Every structure is written in structure tokens, then in C-alpha cells.
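Structure first, then comments.
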Amino acid sequence: MSVIALARGLSCRLTAIGPMCRDTTQEDPLSPHRSMTMLAVSLGILLAACQPTATPASTAAEPVHAAPAAATGDTSGPPAAGAGASCPYPAFEAFLPHFGNEIALQEKSVADPLVSEYIDAAAEPEPQLVSQKIALREVTWPVMPDPAALPRQGREMDVTRQDDGSMKLLIRTPDTSDQQSYYFVQRPCWQLVRVVDESI
């Protein structure tokens, strides 16, 4: 029976009630659907396994650090944190004695141009403050007297920090109109940017 069944394209198996045969030449009408279903399930499993793990919100956003003031060209604010590494005298108290005594340091530490202001006593109807910008090549050296020599000359010196972080150095002769103010800013090293001669 089984030989004949196979020759005819039948698939038979022996059961309790006798041989049961099935025609294998006919296609199973649900066979394509079963294949597609199995393929969809397999792809779903693969895609689920390949999904990246979610990044926690706390680590997804990296903090953004602002650029230092020196890098942006802003010279009105405080100096950059690394200013001391490139400046020989980052503290004004150390810078001032060297600036007053060393012309070579003055030449490197004066703004170009330098703002110079003085009182024009001959101006009418009254003395007037005149302001001009002096190119570095036209500055007369030394641009400022040596602070160490002031007591011998009977002169006094007063240093004050301004609201914007700049420093003002006032040199004067007591009981006279002889006084000059020197203004320094840190950009990032200390630099003389303005001189005001208030003598009449």
C-alpha cells in the first residue's frame, strides 16, 4: 500500500483505524501565509534585539562651557583664569614696581594708542581738559616715574581699584596742583591705557 501511495504522490501513515493517506501533490493553501507569518515574527525578534539602549537624560545633555573672556576679545571683564601663566607679574602689586623701574617693560605694557589727557590752562573762558591718542612710537620714555623714587622727591602715591577691575595710580605733590593719574587694565597682562595730567 505504501509503495503504491508514494508512487501516486500520496503520503500515508499507519493509524489505529488503518492507513491514512494524503495527496502531497496538492499545495497547502495556508502554506504561503505560514511562511510570511514566520518571517515577520523572526524579523520582529531581530529588530527588538538590535535596538540601542536608551541614554539616561542626565548623561545625554553635556554641559556647555562659555568661552573665556580673553578668547572673545572682551577686555572689560576680569582676566582669564590662565592669565598668570603668560604674564610675568599677574598681581598688580608685583607689576607696579617693575613697570615704574623698567623701561623695557613699559614699552611692552603700554596701550597703542595711549590716551593722554591734560589741562589746557590757557583755554578760554576757563581751563579745559584736552584728550588725545598717542601712538606707541611717539610715547616719551619713561612714561611714568619710578614709585621707589617718589619719597625722595617729596611726592606721594595712592593706588585704588576701580569698579570695573582696573587700577588707578595717583601720583601727586602735596599742597600743589601737581598730580597725575595712571590707569591700568588687565588684558590679560597689566597695561597702561590712560594718563591724566591734572597739573595747572
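Just so it is clear, the structure is predicted and the values come from calculations on it, not from any experiment. Heavy-atom basis, side chains included; hydrogens, waters and symmetry copies ignored.
Cluster annotation: V185 and F95 are assigned to distinct hydrophobic clusters (Ile/Leu/Val/Met/Phe/Trp/Tyr, side-chain heavy-atom contacts under 4.5 Å, transitive). In this structure, V193 is not a member of the same hydrophobic cluster as W141, with clusters built from ILVMFWY side-chain heavy atoms closer than 4.5 Å. Following chains of ILVMFWY side-chain contacts shorter than 4.5 Å, one cannot reach M157 starting from L170, and the two form parts of different hydrophobic clusters.
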What verdict does the side-chain contact (heavy atoms from CB on, under 4.5 Å) test give for D178 and E198, after you've listed the backbone C-alpha separation in whole Å, the side-chain angles of each residue and the deciding distance to 0.1 Å?
CA-CA 7 Å; D178 177 27; E198 300 175 47; over 6 Å; no
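Here the side chains of Y182 and I171 are in contact, with some heavy-atom distance below 4.5 Å. Proximity of S181 to L169: side-chain heavy atoms (C-beta onward) are nowhere separated by under 4.5 Å. V159 places a side-chain heavy atom less than 4.5 Å from the side chain of M167. Side-chain contact check for E156 versus L150: every heavy-atom pair is 4.5 Å or farther apart. With contacts defined as side-chain heavy-atom distances shorter than 4.5 Å, the pair P127/D120 does not qualify.
Between the side chains of R155 and Q180, at least one donor N or O lies within less than 3.5 Å of an accepting N or O.
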Could you give the side-chain donor-acceptor pairs of residues 104-119 under 3.5 Å, partners two or more places apart or in another chain?
from, atom 1, to, atom 2, distance (Å)
Q106, OE1, V143, N, 2.8
Q106, NE2, F99, O, 2.8
S109, OG, L105, O, 2.9
D112, OD1, L136, N, 2.9
E117, OE1, R194, NE, 3.4
E117, OE1, R194, NH2, 3.0

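Annotation for P97 and D146: closest pair O-OD1, 4.5 Å, computed over non-hydrogen atoms. The two residues C87 and P90 come nearest to each other via the heavy atoms O-CD, 3.5 Å. Considering every non-hydrogen atom in both C189 and S86, the closest pair reads SG-O, 4.2 Å.
From I103, atom CD1 reaches atom CE of M144 across 11.5 Å, with rounding to the nearest 0.5 Å.
Legend: side chain to side chain donor-acceptor pair (under 3.5 Å) pairs involving residues 94-104, not counting sequence neighbours, sorted by first then second residue: Y89-H98, H98-E102.
Salt bridge D158/K168: absent, no basic N to carboxylate O contact under 4.0 Å.
With hydrogens and angles ignored, the 3.5 Å screen pairs no side-chain donor or acceptor of S177 with any backbone N or O of S199.
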